[in-house]
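Working notes for the structure below.
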Amino acid sequence: AALARAEAAVEQTLAVLERQLGGQDFLCGARFSLADALLAPMLDYLARIPGREWLAAWPGLMAYLQRLRQRPSGREVLVAPDFAELRPAG
């Protein structure tokens, strides 16, 4: 039950972020801001968790994350580990 509530909260948050993005390049408009710098690693981490495509239902957020990953700072910082090795055996 707790996991289902947490997953629902993530989905709700992604919906809010998708609406806020609203086709803009960045969260608060046309320019990169502190909001983007704070959100980038969280979205990147979420996108890399194996077993679920969290951002698949949110094309605006996927495009946004790709823009963040292409920035020079994104190429330096958004280099999350390969979580596939953390999958349970079996």
Transitive ILVMFWY side-chain link Met42 to Leu78, under 4.5 Å: no
Residues in side chain to side chain contact (heavy atoms under 4.5 Å, CB included) contact with Ala63, at least two apart in sequence or another chain: Arg67
All pairs passing ring-ring contact (aromatic ring centres under 6.0 Å, His included) where residues 5-30 contributes a residue, at least two apart: Phe26-Phe32
Within-4.5 Å side-chain heavy-atom neighbours: Val77 and Asp44: no
Linked, directly or transitively: Val10 and Trp58 (ILVMFWY side chains, under 4.5 Å): yes
Side-chain touch Leu39/Tyr64, heavy atoms, less than 4.5 angstrom: yes
Side chains of Leu14 and Leu43 in contact at under 4.5 Å (non-hydrogen atoms): yes
Non-neighbouring partners of Ser33 that pass side chain to side chain contact (heavy atoms under 4.5 Å, CB included), sequence neighbours left out: Cys28, Ala35, Asp36
Contacts of type salt bridge (charged side-chain N to carboxylate O under 4.0 Å, His left out), residue Arg52, not counting sequence neighbours: Glu7, Glu11
Results of side chain to side chain contact (heavy atoms under 4.5 Å, CB included) for Arg19 - residues two or more places apart only: Ala15, Val16
Interatomic distance, Leu17 atom CG to Leu65 atom CG [nearest 0.5 angstrom]: 11.5 Å
Same apolar cluster (I L V M F W Y, side chains within < 4.5 Å links), Ile49/Leu55: yes
Rounded distance (nearest 0.5 Å) linking atom CD of Gln20 with atom OG1 of Thr13: 13.0 Å
Distance, nearest 0.5 Å, that separates CZ of Arg69 from CZ of Arg75: 13.5 Å
Least distance between heavy atoms, Leu68 atom then Ala40 atom: CD1-CB, 3.7 Å
Glu18 CD to Leu61 CG distance, which is reported to the nearest 0.5 Å: 4.5 Å
